[in-house]
Amino acid sequence: MNQPDNSPNSQDDLAHQPSSGSLSARARAAVAPQLAYLSGLNPEQRAAVEATEGPVLVLAGAGTGKTRVLTTRIAHLIATGRAWPSQILAVTFTNKAAREMRERIGRAIGEVAEGMQWLGTFHSIGTKILRRHAELVGLRSDFTILGTDDQLRLMKQVIEAEGIDEKRWPARQLAGLIDAWKNRGLGPDQVAAGEAGAFANGKGGRLYRAYQERLKVLNAVDFGDLLLECLRLWREHPDILEQYQDRFRYMLVDEYQDTNVAQYLWLRLLAQKRKNLCCVGDDDQSIYGWRGAEVDNILRFEHDFPGAIVIRLERNYRSTGHILSAASVLIAKNQGRLGKTLRTEDELGEKVTITGAWDSEDEARLIGEEIEALHAKKHPLSEIAILVRISAQMREIEDRLVQLGVPYRVIGGPRFYERAEIRDALAYLRVVNQPADDLAFERIVNVPKRGLGDATIQVLHNHARAARVPMMEAARFIVETDELKPKPRATLRDLLISFGRWSKLSETMSQSEVAQIVLEESGYTDMWQKEKSADAAGRLENLKELVRSMEEFPDLQSFLEHVSLVMEANESDTSERVSLMTLHAAKGLEFDTVFLPGWEEGLFPNQRALDESGRAGLEEERRLAHVGITRAKRRAKIYFASNRRIHGLWNSTVPSRFVDDLPEANVEIVEAPANFSYGGGYGGGSRFDRMQPFSGSSYQTPGWQRAQAHRASTEDGGSSARRSRDRRGPMMIEGELVAKSTGSSGFTVGGRVLHSKFGPGTIEAVDGNKLTVEFDKAGRKMVLDSFVEALG
DNA sequence: CTTAAACGGGTTTTT
DNA sequence: CCCGTTTAAG
């Protein structure tokens with residue numbers, strides 16, 4: 001399977017391939033206009049679907065039905081016989097987007113979507129291609145995909161090996177540079193000497209090359225390589241490139257404004273021959289420039305692909321008039337854009353509100369109050385979002401929501417496979433699977449702590465390097481010598497024996513069984529069980545989920561790939577909660593009501609973006625503002641504070657210039673209620689109005705943990721009796737939300753309960769539907785009875 | 001080798 | 001202020 005099978009009788013293609021000119025194809029095309037999937041489209045959307053041949057750029061403004069066009073276009077290509085599902089390349093940026101697209105195509109045309117094996121992210125498709133031709137780029141087909149932490153460790157080693165002071169030239173910085181180079185499609189030999197010289201007194205280029213060499217030795221790639229190595233493969237092997245060019249009769253790209261140079265080159269190579277490339281994007285929503293995305297790719301499309309058709313989708317189906325108009329006027333201030341005018345046939349609706357707050361605490365309070373008010377009017381919490389510029393803004397807001405007892409969820413944050421426990425577990429499996437995986441070995445050799453610290457690792461390193469063998473092998477040698485003190489020597493020997501045993505097990509047992517055993521016997525699960533911190537229970541839960549999901553994969557190899565590339569935390573939680581996230585994380589989402597706090601100079605537009613990228617930076621910030629406003633369907637609420645704490649110090653701030661960019665006709669200035677809090681922390685109600693949150697996963701959030709910590713420290717001062725007596729406004733919310741759960745619970749002090757996150761525990765106190773439970777693993781918590789079940 | 005205290009640095013983060 | 005990381009003491 002080293003070649004893309006393009007032959008008529010291959011497994012993935014059906015036997016008969018109609019060419020676009022064949023009778024059957026034309027006959028099927030003739031019935032297309034009556035096909036149901038076309039009927040609901042507006043004229044522009046329909047044009048975008050039906051312009052199948054040649055390069056097409058679809059400029060799809062926010063809320064104009066971009067995904068719909070994309071999926072319908074694919075359905076159309078298949079239904080009219082222009083291509084088999086396996087001949088269509090459809091690229092997205094996120095796995096989520098890929099999944100959604102697959103679902104929607106399936107809904108449009110049935111199970112044929114299953115045949116779309118080339119629908120995925122740039123990275124997953126790149127991986128698939130690379131595995132088939134790995135040996136041509138100096139890899140084996142079972143290469144490992146490194147995560148950020150592995151990369152960093154590797155770079156540290158490379159820097160050290162070159163005799164460079166890691167303090168002065170941190171690995172992080174090198175990682176950033178190399179990442180940027182890879183984003184621009186530059187290999188070690190193509191980086192301009194001057195640019196590479198900026199790091200470590202001219203050694204940047206050498207370090208890059210050394211890093212790449214180390215990757216090859218380890219049979220590993222990083223994310224950037226998944227694209228870069230494809231480029232190299234195709235350039236060095238034109239025959240293989242041509243196979244793919246022929247295979248992909250039609251290519252579609254989502255979020256084209258976010259492509260970087262490497263991705264652009266990747267697409268251009270593939271599209272060169274047939275030129276059936278359809279890119280969908282919105283230059284006004286390009287917000288990843290700092291990560292290498294080139295707005296230029298979309299601005300230059302017509303130039304790069306001569307004869308391209310450009311179709312604009314300008315009818316917005318999401319927002320009401322005032323919101324859309326405010327967003328349009330704002331974004332029109334940008335110079336570098338292709339220009340679109342969004343319009344809606346919806347009513348004007350509510351104006352965009354702008355509210356000035358005294359300080360950031362006050363701002364959080366105001367938002368909290370509005371959410372309470374909305375909720376009292378039966379506005380679903382799941383249709384409310386708070387979008388911040390930087391994560392640091394979340395803290396105060398979270399604290400306030402916790403105080404009010406408003407359930408919320410934080411979107412974004414570390415991905416499932418980025419979490420320490422997942423990466424640790426995977427490292428164990430990687431070593432079992434491939435003992436030569438030094439990075440993985442190094443990661444877990446002393447996790448859990450078993451007394452094999454830096455000194456021991458250093459010895460292993462030296463030997464491994466001198467003998468040019470993997471560390472595992474070096475370790476085998478060293479335990480036979482007296483180079484190590486007796487204790488670490490014995491520990492290391494035990495560990496080696498264990499790994500030998502596990503490797504043997506994996507020959508006969510299923511991987512989930514092996515994983516289970518490895519995690520148990522290595523003491524890894526124990527480590528978290530002993531840990532009493534609030535998130536230990538969650539981590540164990542994640543590990544369980546990991547083992548569970550392994551069962552679905554045929555072998556460890558495909559599982560490891562799935563985890564490093566695709567797997568993400570269960571975010572299928574549709575419960576009633578407010579969403580809190582950064583503006584970046586909000587792209588592609590929509591909510592009835594959107595709160596936009598922190599519109600202040602310095603914060604938004606962010607000073608650093610301005611300093612580093614000048615006008616381009618400002619324009620990207622403005623696009624971010626545009627993205628923020630256009631997330632709102634019916635209500636957009638902008639806030640700014642006159643004082644904000646930055647790095648612990650209070651600074652006075654001025655409203656964002658973006659506020660002044662908004663058209664007066666579409667905005668309304670809201671006077672903040674008079675109960676300002678002048679920094680004293682008493683604003684908006686008693687400090688005793690805090691209460692327990694009542695939602696499952698907010699327990700994991702930092703805000704809740706902080707509230708817990710605070711509660712513990714004030715336990716003596718404000719007794720719980722006092723707290724509940726003094727609760728005011730928030731009670732209402734609680735009363736309503738809690739009404740669902742059993743008022744008079746059957747729980748009694750001393751009873752045993754099971755909580756989905758915290759595990760088993762003993763009830764210490766019962767207060768209405770609130771239980772105080774001493775959990776065996778997670779310590780004492782207050783929980784609502786509806787979140788636990790009685791045991792035994 | 002492990003733990004606790006000092007230190008420094010602090011946008012955004014699809015893969 | 002709050003975090004992760006490095007350093008000095010057990």
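Numbers restart at 1 for each chain; the letters A, B, ... are given by sequence-line order, proteins then strands.
Among residues at least two apart or in separate chains, salt bridge (charged side-chain N to carboxylate O under 4.0 Å, His left out) pairs with a member in residues 597-613 of chain A are A/Glu600-A/Arg644, A/Glu601-A/Arg657, A/Arg608-A/Glu612.
Under the ring-ring contact (aromatic ring centres under 6.0 Å, His included) criterion, A/His461 pairs with no residue at all, not counting sequence neighbours. For A/Phe604, the ring-ring contact (aromatic ring centres under 6.0 Å, His included) criterion is met by A/Trp599, A/Phe658, not counting sequence neighbours. Listed by chain and number, the residues in a ring-ring contact (aromatic ring centres under 6.0 Å, His included) with A/Tyr639 amount to none (sequence neighbours excluded). For A/Phe559, the ring-ring contact (aromatic ring centres under 6.0 Å, His included) partners two or more places apart in sequence, or in a different chain, are A/Phe553. By the salt bridge (charged side-chain N to carboxylate O under 4.0 Å, His left out) test, A/Arg184 is found to be paired with A/Glu195, residues two or more places apart in sequence or in another chain being considered.
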Side-chain donor/acceptor pairs under 3.5 Å, residues 166-176 of chain A, sequence neighbours excluded:
{"from": "A/Glu166", "atom 1": "OE2", "to": "A/Ala171", "atom 2": "N", "distance (Å)": "3.0"}

Output one letter per nucleotide in nucleotides 5-10 of chain C: B when a protein non-hydrogen atom lies under 4.0 Å from the base, S when only the sugar-phosphate is that close, - when neither is.
--S---

Could you run down nucleotides 1-9 of chain B 5' to 3' and tag each one B, S or - for protein heavy-atom contact under 4.0 Å?
SS-------

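The glycosidic torsion of B/dT12 lies more than 90° away from 0, placing the base in the anti range.
Counting any heavy atom pair closer than 4.0 Å across all strands shown, A/Ser564 reaches no nucleic acid atom. Counting non-hydrogen atoms under 4.0 angstrom, A/Tyr288 reaches a base of the nucleic acid.
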Which dot-bracket string describes DNA chain B (Watson-Crick N1-N3 plus N6-O4 or O6-N4, or G-U N1-O2 and O6-N3, all under 3.5 Å; [ ] crossing; | other strand)?
||||||||||.....

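To the nearest 0.5 Å, atom CG of residue A/Leu177 and atom NZ of residue A/Lys182 are 12.5 Å apart.
For the side chain to side chain contact (heavy atoms under 4.5 Å, CB included) with A/Cys230, the qualifying choice from A/Phe122, A/Trp266, A/Tyr244 is A/Trp266, the only one to do so.
A heavy atom lying under 4.0 Å from DNA chain B marks the following residues of residues 596-609 of chain A, by number: A/Asn606, A/Arg608, A/Ala609. Only at 4.0 angstrom or more do the heavy atoms of residues 141-150 of chain A sit from any atom of DNA chain B, so none qualifies.
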